[in-house]
Amino acid sequence: MSETSITIYNPPADLVASAHVAGFAAYEALCKEAEADYGAYWGRLARELISWKKPFTQTLDESNAPFFKWFADGTLNVSYNCLDRNVERGLGDKTAIIFEADGGEVTKVTYSQLLAKVSQIANGLRSLGIKKGDRVVIYIAMSIDGVAAMQACARIGAIHSVVFGGFSAQSLRDRINDTGAVAVITADCQVRGGKQLPLKSIVDDAIAMGGCESVQNVLVVKRGGNAISMTAGRDKWMADVADAQPTTCEPEWVEAEHPLFLLYTSGSTGKPKGVQHSSGGYLLHAALTTKWTFDLKADDVFWCTADIGWVTGHSYITYGPLALGGTEIVFEGVPTYPDAGRFWKMIQDHKVSVFYTAPTAIRSLIKAAEANDAVHPKSYDLSSLRILGSVGEPINPAAWEWYHQHVGGGRCPIVDTFWQTETGGHMITPLPGATPLVPGSCTLPFPGITTAIVDETGADVPNGSGGILVVKKPWPSMIRTIWGDNERFVKSYYPAELKGYYLAGDGAIRDEKTGYFTITGRIDDVLNVSGHRMGTMEIESALVSCTDLVAEAAVVGRPDDTTGEAICAFVVLKRPRPTGDEAKAIAKILRDHVGKEIGPIAKPKDIRFGDNLPKTRSGKIMRRLLRSIAKGEAITQDTSTLENPAILDQLAENN
Ligand code: ATP
Ligand code: MG
């Protein structure tokens with residue numbers, strides 16, 4: 001570990017006094033309650049946060065592990081819980097969504113208006129014969145229509161599978177094929193960074209590839225008014241299907257275990273998996289984590305910048321905040337258009353109080369802000385902010401400190417939330433009014449979540465030694481299976497040697513004194529250099545802490561005859577990509593810096609510079625591709641989720 005001293009940030013006094021989980025003792029009391037009677041704890045919360053049509057009598061059914069069931073004999077409707085319930089408790093005129101389009105136009109909908117819209121779409125879907133259990137693929141950009149389409153599926157018990165609008169026809173085709181969808185909901189186009197990008201024509205291409213014969217209807221929302229072709233009998237404008245429908249719609253009451261959605265993982269480590277989530281347990285954790293992790297209150301303006309194509313957009317846009325009757329932002333555009341101050345301007349304009357984004361966005365905005373004062377957060381009034389969040393990748397301490405100081409004005413706690421598509425909601429995270437923060441650590445498990453670190457045999461490892469991150473007990477919002485592949489589900493997440501624990505696939509370490517968790521990287525990303533085990537994350541953080549030079553870094557191992565594994569670093573600088581002698585000189589500076597921060601053993605053997613790094617469409621670094629490049633291999637793996645294929649050639653060149 002780095003020898004540099006660690007700063008601890010205590011929760012602000014006003015939050016300790018007023019938060020939903022107020023103070024560390026309150027956090028500990030919840031953990032104790034869960035430990036004392038696990039079923040009773042989750043049962044209590046499920047009754048408090050969810051309206052059940054038929055109350056459940058059993059909380060957890062473990063009889064067919066690892067196919068766990070939660071609240072199995074209860075029935076509910078997720079859309080009823082997110083909409084009708086809020087209208088019934090007097091929030092009908094409250095703003096549910098503030099939508100800001102790419103070009104800056106703002107549209108607001110209240111809870112009553114959203115309920116009416118969702119009901120019309122739901123009635124429209126029913127009029128086409130779509131019913132409980134049918135799969136509906138949603139391929140649309142960030143919009144009120146997108147959120148409403150998801151809610152409408154939930155209302156009639158159809159299972160949605162949202163495919164991020166940046167995916168190609170091939171990826172879309174594969175997902176339609178895997179889900180066996182009866183309908184696709186899309187738009188004529190999407191608008192990003194001032195440009196119209198096609199959606200409907202990509203759906204046409206995907207279906208034309210074959211294997212999508214299950215699709216009977218393609219419903220098209222009008223966004224850009226661009227010319228598209230409509231296949232008679234199959235394609236319809238959403239307006240023609242929904243607008244004349246009644247604005248009320250009896251929800252389909254479903255069992256708690258009824259699948260709410262399928263969502264494919266981002267593919268950082270392999271072929272994407274169709275993760276299946278439930279209705280009751282999922283909704284509980286989405287709502288509960290929104291409440292406690294973000295301390296969401298009635299007058300908050302919440303903004304999660306994720307796309308609804310990712311799980312973060314499901315739990316923290318479509319379901320969690322609406323289940324609590326919150327007001328939230330939905331943003332169509334990109335953080336760098338019309339300039340890299342867009343996020344800061346939107347926080348200022350809409351008086352956002354809770355802001356949740358990804359390290360990849362923060363790192364790119366740091367780079368832009370340092371080059372241009374006009375897009376630096378200091379040029380905006382960000383005083384409405386009270387809580388910041390991070391998700392998707394580990395956030396390096398250097399980026400954390402910048403986010404804390406420049407965006408949060410030094411006063412807003414940062415919740416570094418560790419979780420996965422498979423977990424449905426936060427697993428390890430600070431609670432803003434309870435948990436003292438250490439930059440770079442996601443701190444402690446959410447109350448009731450039993451994360452632990454074990455070795456390859458499932459035995460606990462002591463604090464201070466790294467190991468494999470597991471979850472010991474099932475939890476309500478856990479993955480139920482991989483769609484259509486129970487065997488792959490068991491093999492991927494419940495391998496026999498781990499004693500029935502859920503295998504997250506990430507490595508982690510707990511601090512010796514505090515027990516705080518730090519994610520060290522994917523299990524495959526642990527390096528063994530001359531017998532020393534090191535997480536790639538630690539070396540990346542050391543590189544990024546060279547704040548004058550480095551914008552972003554990714555570290556992988558490659559086989560080495562003498563040391564077993566050699567460290568290979570891919571680095572994006574805050575200046576143009578160097579070549580020749582300049583590259584050699586900068587590489588030396590970086591090697592020495594890592595040597596000083598961690599120790600000579602951690603000095604990267606190879607350092608390569610790029611204009612960027614290969615990333616998934618959700619912005620995560622794809623280290624598996626970098627591993628091939630480091631070894632000098634041709635890339636033969638699944639690259640369907642890769643955002644910027646051209647970068648592979650550049651990184652393969654030696655500079
Ligand atoms: P695939 O499973 O297909 O390889 P993926 O794991 O990137 O893709 P997601 O479910 O979107 O798909 O991401 C979850 C992973 O993201 C976690 O397992 C972890 O590696 C990383 N992650 C998410 N949040 C954090 C965080 N706060 N700190 C560290 N890592 C995080
Ligand atoms: Mg994963």
Side-chain angles (χ1 to χ4, degrees), residues 162 164 171 174-175 262-275 277 289 293 304 306-316 356-362 388-397 399-400 403 414-430 437-446 451 468-471 477-479 482 488-489 492-493 502-509 516-526 535-538 540-541 554 614-625 627 637-643:
V162 184
F164 174 56
S171 305
D174 293 347
R175 286 160 178 74
L262 311 176
L263 184 64
Y264 290 79
T265 56
S266 65
S268 306
T269 55
K271 187 170 175 287
K273 307 169 266 282
V275 172
H277 276 290
T289 48
T293 306
C304 164
D307 193 280
I308 52 168
W310 310 118
V311 73
T312 306
H314 284 57
S315 302
Y316 303 109
Y356 190 34
T357 196
T360 180
I362 297 166
L388 301 175
S390 170
V391 60
E393 284 186 292
I395 175 162
N396 324 97
W400 194 105
Y403 192 28
I414 297 177
V415 289
D416 175 2
T417 60
F418 169 83
W419 62 296
Q420 309 175 297
T421 307
E422 296 89 338
T423 69
H426 303 152
M427 299 301 277
I428 309 178
T429 178
L437 306 174
V438 173
S441 167
C442 49
T443 74
L444 294 170
F446 191 85
T451 43
I468 300 170
L469 183 66
V470 296
V471 189
S477 63
M478 64 189 299
I479 174 175
I482 293 176
R488 188 173 175 208
F489 164 71
S492 307
Y493 304 109
Y502 167 86
L503 172 68
D506 289 292
I509 186 167
Y516 274 23
F517 287 76
T518 294
I519 305 298
T520 49
R522 313 289 173 133
I523 295 178
D524 323 345
D525 291 341
V526 176
T536 49
M537 182 55 206
E538 196 181 352
E540 288 164 11
S541 280
K615 292 199 181 151
T616 63
R617 288 169 207 272
S618 52
K620 297 181 196 214
I621 301 167
M622 289 175 93
R623 289 182 185 71
R624 65 183 163 97
L625 301 180
R627 270 197 292 276
Q637 310 155 46
D638 183 286
T639 51
S640 60
T641 63
L642 178 62
E643 162 88 38

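Ligands are counted one by one from 1 in listed order, and the atoms in each one are counted from 1 as well.
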For [X], what residues pass the side-chain hydrogen bond (donor to acceptor under 3.5 Å, both in side chains) criterion, not counting sequence neighbours?
{"X": "Lys615", "answer": "Thr360, Glu552"}
{"X": "Arg175", "answer": "none"}
{"X": "Thr357", "answer": "Thr305"}

Please report the C-alpha distance between Ile523 and Leu503 in whole Å, then the side-chain angles of each, then the deciding distance to 0.1 Å, and finally whether the side chain to side chain contact (heavy atoms under 4.5 Å, CB included) criterion is met.
CA-CA 10 Å; Ile523 295 178; Leu503 172 68; 3.7 Å; yes
Whether Tyr316 and Trp419 hold their rings parallel, tilted or perpendicular, with breakpoints at 30° and 60°
perpendicular
The answer, listing residues by chain and number that come under 4.0 Å of ligand 1 through any heavy atom, is Thr265, Ser266, Gly267, Ser268, Thr269, Lys273, Gly392, Glu393, Pro394, Asp416, Thr417, Phe418, Trp419, Gln420, Thr421, Glu422, Asp506, Ile519, Arg522, Lys620
Please determine, by modelled atom types, if Ser171 and Tyr264 share a side-chain donor-acceptor pair under 3.5 angstrom.
no
